[in-house]
Protein chains: 2
Amino acid sequence: MKAIEGGITSPLGWKATGVRSGIKKDKLDLAVLYSETPARTALAYTQNKARAAPIEVMMRDDPQTLRAFVINSGNANALTGPKGMEDAESMRTLTAQLLNIKPVEVGVASTGVIGRYLPMDMVTKGITEAVKQLERGSEANISAAKAIMTTDTKMKTVACQITLSDGTLATIGGIAKGSGMISPAMKALHATTLSFVTTDARLDKPIGAKWQAVMDSSFNVINVDGDQSTNDISAFMANGAAGGMPADDQPEFWEAVMWVAKWLAKAVVIDGEGATKLIEVHVTGAKDDNEARAAARSIVASNLVKAAIFGADPNFGRILAALGNSGSEFDISKVRLRLSNGKTVALFGNGIPLITPGSAEEQVASAILHEKRMVVELDLGIGNGAGEAWGCDLSYEYVKINASYTT
Amino acid sequence: MKAIEGGITSPLGWKATGVRSGIKKDKLDLAVLYSETPARTALAYTQNKARAAPIEVMMRDDPQTLRAFVINSGNANALTGPKGMEDAESMRTLTAQLLNIKPVEVGVASTGVIGRYLPMDMVTKGITEAVKQLERGSEANISAAKAIMTTDTKMKTVACQITLSDGTLATIGGIAKGSGMISPAMKALHATTLSFVTTDARLDKPIGAKWQAVMDSSFNVINVDGDQSTNDISAFMANGAAGGMPADDQPEFWEAVMWVAKWLAKAVVIDGEGATKLIEVHVTGAKDDNEARAAARSIVASNLVKAAIFGADPNFGRILAALGNSGSEFDISKVRLRLSNGKTVALFGNGIPLITPGSAEEQVASAILHEKRMVVELDLGIGNGAGEAWGCDLSYEYVKINASYTT
């Protein structure tokens, strides 16, 4: 697996673009992705029961094959009733007409403010323009990545290549957006944020379960603020343009897909609203992998842990308090808690605190907490389950961004 | 039921005091409560599996009768291993010796920083002094209420009286502490924060179920930050010193107890870390009361809702997104969402937004959101279940307090 400069159009047969339709005042806000041939598709959706109109449309049809995706930012088309459904359908129909494909071959997604109608005159103009501008290459990768952003401060775009066992070179590209309203859920067919991963690999078998496994170890273990969005959707689309053998049973291929998804998910966390630090929680010694992941997620979801890390306060008791709230089993007399980043410091073990106020160990902990990324290593002491979660700290800036989102 | 000036020693036969033991630099940090006669007791404990030593001690014995309670602030005696257990036992034993009662008749609770050993020399000195100073009256009420505070900015103390059907005047008093690490749980025997309610009423029957019902409509529906503490305990103690008939089957008596508990729980929310506003969520039309409460709790627990209300941003979509994450059933085409505070404004109904940007209605919503308290009224449109939850907004100050708690 080799990371390459590139993005969503790096795989063969894919085009994309992002345009400014006017939904946002002066930023790119509408993207179209397009495959020259039908692409085998897996979609994962939010578990939030207050679903946006485009999510309703996609869940109803749940297409296994797509040729295109139309995505707008700046307006979520959520909680918009029958008119919202019509608008989502119109986005699909118009994109299909312009591309001379069927509406059911077009995916639709929206992200932005909830509870407002889409300005369909602008959307129509934007789609028309976007379809004209579809292309391959770095401009397409960048404009598409930017057009799906909301409060994101950085675009998230990545690509890699893998050589299959018959020598076929397969390329995988991805874009994602997401900054706030980000919290993982574990159920099947769940995604957080918007993310789109394309490949030119040939896949002959159903890919839903494999994509879900990728989700569960990437987008489903990140947390910015505990709020699951009304609009989350995650798409994986394989058009086979690379030719050669099917990649279905090539573990290296799926590892490469996982690498892309993890890269995008971590990029979302690092760019979390107001985030100043990336917190990785690695849990081992759990009853099983699910309990390990639940413990890790509870820790990265704790406001108190997040605020303490923002302030570089080595208040490790909050980490164990969050563990205690996770529902996961542990043996407190065997729990081991360490903090690492190059250096490692043991915080808790044998049922007792291993650092004291003012000690040299506390100073090491404090130094690690001042870094931009750190790993919380937690062994629950009862089994072989392991799992991870990634989150960011809670800063003044998070509050500021979300105190005035629509005003 | 009549509210009176008073507190924890207003009921007959109760004494209390708060002293400065030295755990905190220059504040009261140790309280003792004492009843001249044995008091029938109900205790509710945190559901966090990482339990503090005093919680372990109390859950192990789960006494049905108590004569005294010793409580320290500034140090949670949590995650402190065998020495922590010894220290909690010592607090009980010393208090019992000095009061000439049995250790099992003494309750023990701690609150403060997690993961540090108690300075037992100071604790011993403090208990010795506190027992000497036990008294009734406003000084006792105030010093006890202050000695259990952590990041609280205001003491929480309340009292009321109720005349039973035989003419007996029963008094109920309460104190509570709590500001951060506050999130409700619904299971039996769960409490959030520390709270102590005393009465001189005579109670002859088991009171655990009644106290749990009070908890579930008061302390268990509040939320500051979604983090459940390692140290939560809530005690209700009735010593019968008022004489007269038993109050077990007097609904007015239990209504008065509920009033005290709700008063204290709301006081905790209003004094939540960094809180500037009280948010009451009233849910109706749910499948049942549990689902109504779950929906209400999901809304007051949402960081995005809390930050929007801090900024007086009428971003009502976040309220419905939080509903969607609650797991509770609703019919979006029948959901009605209103915001009120004297004035009322409809935000969502018939499946569509009822306010638009810049409209007169949005201005009313914005005006309400600038108030210090507001009610979110949400009807789920499918049944007769009703429930409430109360929370506070998420402010810069919350982050500031928790970014430097131990440093």
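Letters A, B, ... are given to chains in the order of the sequence lines, protein chains preceding strands, and every chain is numbered from 1.
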J.: Of the listed residues (B:Phe316, B:Tyr117, B:Phe310), which shares the most heavy-atom pairs with chain A below a 4.5 Å separation?
T.: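 Top option by heavy-atom pairs under 4.5 Å: B:Tyr117.
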
J.: In terms of heavy-atom pairs under 4.5 Å with chain A, which of B:Gly115, B:Ala78, B:Pro82 leads?
T.: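 The answer is B:Gly115.
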
J.: Tell me which one of A:Lys334, A:Arg336, A:Arg338 satisfies salt bridge (Lys or Arg N to Asp or Glu O under 4.0 Å) with A:Asp379.
T.: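 Answer to the salt bridge (Lys or Arg N to Asp or Glu O under 4.0 Å) test with A:Asp379 among A:Lys334, A:Arg336, A:Arg338: A:Arg336.
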
J.: Below 4.5 Å from any heavy atom of chain B, which atoms of A:Leu323 appear? Answer side chain, backbone, both or neither.
T.: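 Looking at A:Leu323, nothing touches chain B.
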
J.: Any chance the side chains of B:Ser298 and B:Asn325 put a donor and an acceptor closer than 3.5 Å?
T.: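 No - no donor-acceptor pair under 3.5 Å links their side chains.
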
J.: Looking at A:Asn231, A:Ile332, A:Leu320, which has the largest count of heavy-atom pairs under 4.5 Å with chain B?
T.: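 Ranked by heavy-atom pairs under 4.5 Å with chain B, first place is A:Leu320.
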
J.: Counting heavy-atom pairs closer than 4.5 Å to chain B, which one of A:Ala76, A:Gly327, A:Ser366 comes out on top?
T.: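 With the most close heavy-atom pairs to chain B, the winner is A:Gly327.
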
J.: Would you say B:Asn350 has more than 12 foreign heavy atoms packed within less than 6.0 Å of its CG?
T.: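 No, because the 6.0 Å sphere around CG of B:Asn350 holds 12 heavy atoms or fewer from other groups.
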
J.: Mind listing the closest non-hydrogen atom pair of A:Ile114 and B:Ala321 along with its distance?
T.: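 That would be CD1-CB, 4.2 Å.
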
J.: Quick check for you: among A:Ser328, A:Gly81, A:Pro353, which has the greatest number of heavy-atom pairs under 4.5 Å with chain B?
T.: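 Option with the greatest count: A:Pro353.
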
J.: Consider side chain to side chain contact (heavy atoms under 4.5 Å, CB included). Of A:Val269, A:Val376, A:Leu369, which one does A:Ile279 pass it with?
T.: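 Exactly one candidate clears the test, A:Val376.
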
